[in-house]
K.L.:
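Mind looking over this structure? Questions follow.
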Amino acid sequence: MRAEIENSVEKIRKSIALLKQRLDWETAPHRLEEFNAMIEDPTLWDDPERAQTLMRDRQMLMDAVATATGIEQDMTDNIEFIEMGEMEDDQEVITDAEEALKALEIKAAEKELEALLDGEADGNDTFLEINSGAGGTESCDWASMLARMYVRWAEKKGYKVELQSESAGEEAGIKSAAYKISGHNAYGWLKSESGVHRLVRISPFDSAAKRHTSFTSVKVYPVVDDNIEIEVNPSDIRIDTYRSSGAGGQHVNTTDSAVRITHHPTGIVVTSSEKSQHQNRDIAMKALKSRLYQIELDKRSALVNEVHENAGDAGWGNQIRSYVLQPYQMVKDLRTNFETSDTKGVLDGALDGLMAATLAQNVSGKSRADAQGE
């Protein structure tokens, strides 16, 4: 095999080794047998939530085992195809197998990165909040662009997206929006998006066609699993109900049953205006618990991008990423220095490269200064 292909094979083997290490490969078959035995218990569905969690965990293990096994088998098959093509002097077979190995190298690297999502809440669903900042109408429009970007990204991942609340801008866009995004590793992927996002462009709202800079903050919190106990003292919260207002339309609610919960010790305010008042109260309380849980995670976490860096006001000096549409095209993450000129692709949800760079940096344990120095 050519040196380039041998290098690809070596990288694939390393990815497979990490996947198996993360799975605790030797015990995986026994754990799967235990899952199967528990599923056969006739009383399992007496507790639907426990049953759903069990089924989800079993499926995740099965998928992980299948992924590692499949990548390993594909690698072996294509190596054999190359050897057979060389013996028979069939260049077409060799070329097809080499291209398959290059594609497999990319797939294996992606799966290896996903395997690094092993934080305490990485596998959970997530709440995503978007709030416009400095920049007025421009910022509100930017907030709606970010909302579209994340919805597109989530849909490409096959995640379920639920709009929890939304406040329309006075002239255009949105002042704020909150989503619940459900799917495997939703929080693990999106947690790197917490922070201030800066946009530079020629404003469509400026008749003089001047360049404007606007800011929007994004905050991400894991949906608290029922197995994680978060106690909220009733005397620490105030619950208000009100009529939700907005311009109407597909993404704006106009119900009479909106609920707002204020947590006095932390100043956290959460809202929900999608369903009945009873359901809204439940949704808002879960969102509050998720915020409190995130605070606890932050206290225990040694992530590279500390929360105080990511949760600043949506304005100058606090941004984690810049999106420049004029005078040139560039999206650059200021934590990792990862950049791309494909601004259209990013705004259409092509975020995996940006997220992966931050995730890899966090796992490596580098500081922001070290990463930028490199």
Side-chain angles (χ1 to χ4, degrees), residues 126-154 161-181 190 193-206 212-221 238-263 266-275 277 280-281 283-284 286-288 290-291 294 310-323 325 347 349 351:
T126 190
F127 289 113
L128 173 75
E129 294 183 2
I130 299 171
N131 292 281
S132 61
T137 299
E138 266 290 308
S139 182
C140 288
D141 190 52
W142 175 219
S144 67
M145 291 168 64
L146 281 177
R148 175 183 176 277
M149 179 182 79
Y150 288 120
V151 169
R152 288 286 184 92
W153 173 84
V161 180
E162 299 173 82
L163 180 65
Q164 303 290 299
S165 63
E166 186 177 80
S167 175
E170 293 179 2
E171 297 181 27
I174 57 174
K175 292 180 180 177
S176 64
Y179 295 89
K180 180 183 178 184
I181 299 176
L190 278 167
E193 296 300 294
S194 281
V196 176
H197 297 246
R198 170 178 173 255
L199 174 70
V200 179
R201 67 171 177 174
I202 301 297
S203 172
F205 308 102
D206 186 343
H212 284 245
T213 299
S214 49
F215 302 88
T216 290
S217 71
V218 173
K219 296 182 181 179
V220 179
Y221 313 97
R238 186 181 75 244
I239 301 177
D240 300 308
T241 59
Y242 61 100
R243 179 181 176 83
S244 177
S245 61
Q250 182 178 0
H251 296 301
V252 180
N253 307 294
T254 57
T255 67
D256 293 303
S257 57
V259 170
R260 178 191 295 116
I261 298 179
T262 304
H263 187 249
T266 61
I268 292 172
V269 177
V270 292
T271 62
S272 179
S273 54
E274 276 297 293
K275 307 177 186 298
Q277 190 172 122
N280 274 323
R281 187 181 295 249
I283 291 170
K286 286 183 178 178
L288 172 61
S290 293
R291 295 278 296 269
Q294 180 67 53
N310 287 342
D313 293 334
W316 285 103
N318 296 309
Q319 63 266 22
I320 62 166
R321 189 178 300 152
S322 287
Y323 306 70
L325 305 186
L347 293 174
L351 294 169

K.L.:
Under 3.5 Å, side chain of S139 to main-chain N/O of S214, donor-acceptor pair present?
P.N.:
no
K.L.:
Under the rule for salt bridge (charged side-chain N to carboxylate O under 4.0 Å, His left out), what residues qualify as partners of K180, not counting sequence neighbours?
P.N.:
none
K.L.:
For A147 versus I174, what's the shortest heavy-atom pair and its separation?
P.N.:
CB-CD1, 4.2 Å
K.L.:
How about W153 and R148: do any of their side-chain heavy atoms sit closer than 4.5 Å?
P.N.:
no
K.L.:
Could you state the interatomic distance from CD1 (I261) to CZ (R238), rounded to the nearest 0.5 Å?
P.N.:
11.0 Å
K.L.:
Only counting residues at least two apart or in another chain, list the ones meeting side chain to side chain donor-acceptor pair (under 3.5 Å) with S176.
P.N.:
none
K.L.:
With sequence neighbours left out, write down each residue that passes side chain to side chain contact (heavy atoms under 4.5 Å, CB included) with I202, or none if nothing qualifies.
P.N.:
A209, R211, Q326
K.L.:
Compare all side-chain heavy atoms of M145 with those of H197 and state whether any distance is below 4.5 angstrom.
P.N.:
no
K.L.:
List in chain and number order the residues that pass side chain to side chain donor-acceptor pair (under 3.5 Å) with T262, two or more places apart in sequence or in another chain; answer none if no residue qualifies.
P.N.:
none
K.L.:
Charged N to carboxylate O under 4.0 angstrom, R201 versus E138?
P.N.:
yes
K.L.:
What distance separates T216 OG1 from Q319 CD, expressed to the nearest 0.5 Å?
P.N.:
12.0 Å
K.L.:
State which residues pass side chain to side chain donor-acceptor pair (under 3.5 Å) with T271; sequence neighbours excluded, sorted by chain then number.
P.N.:
S165
K.L.:
Once you round to the nearest 0.5 Å, how far does CD of E166 lie from CD1 of I130?
P.N.:
9.5 Å
K.L.:
Below 6.0 angstrom between ring centroids: does that apply to F215 and W142?
P.N.:
no
K.L.:
For Y150, which residues count as a ring-ring contact (aromatic ring centres under 6.0 Å, His included) partner, sequence neighbours excluded?
P.N.:
none
K.L.:
Excluding sequence neighbours, so at least two apart, what forms side chain to side chain donor-acceptor pair (under 3.5 Å) with R260?
P.N.:
none
K.L.:
Please name the pair of heavy atoms, one in A172 and one in C140, separated by the smallest distance, quoted to 0.1 Å.
P.N.:
O-CB, 3.2 Å
K.L.:
So do T213 and R198 actually touch side chain to side chain, heavy atoms under 4.5 Å?
P.N.:
yes
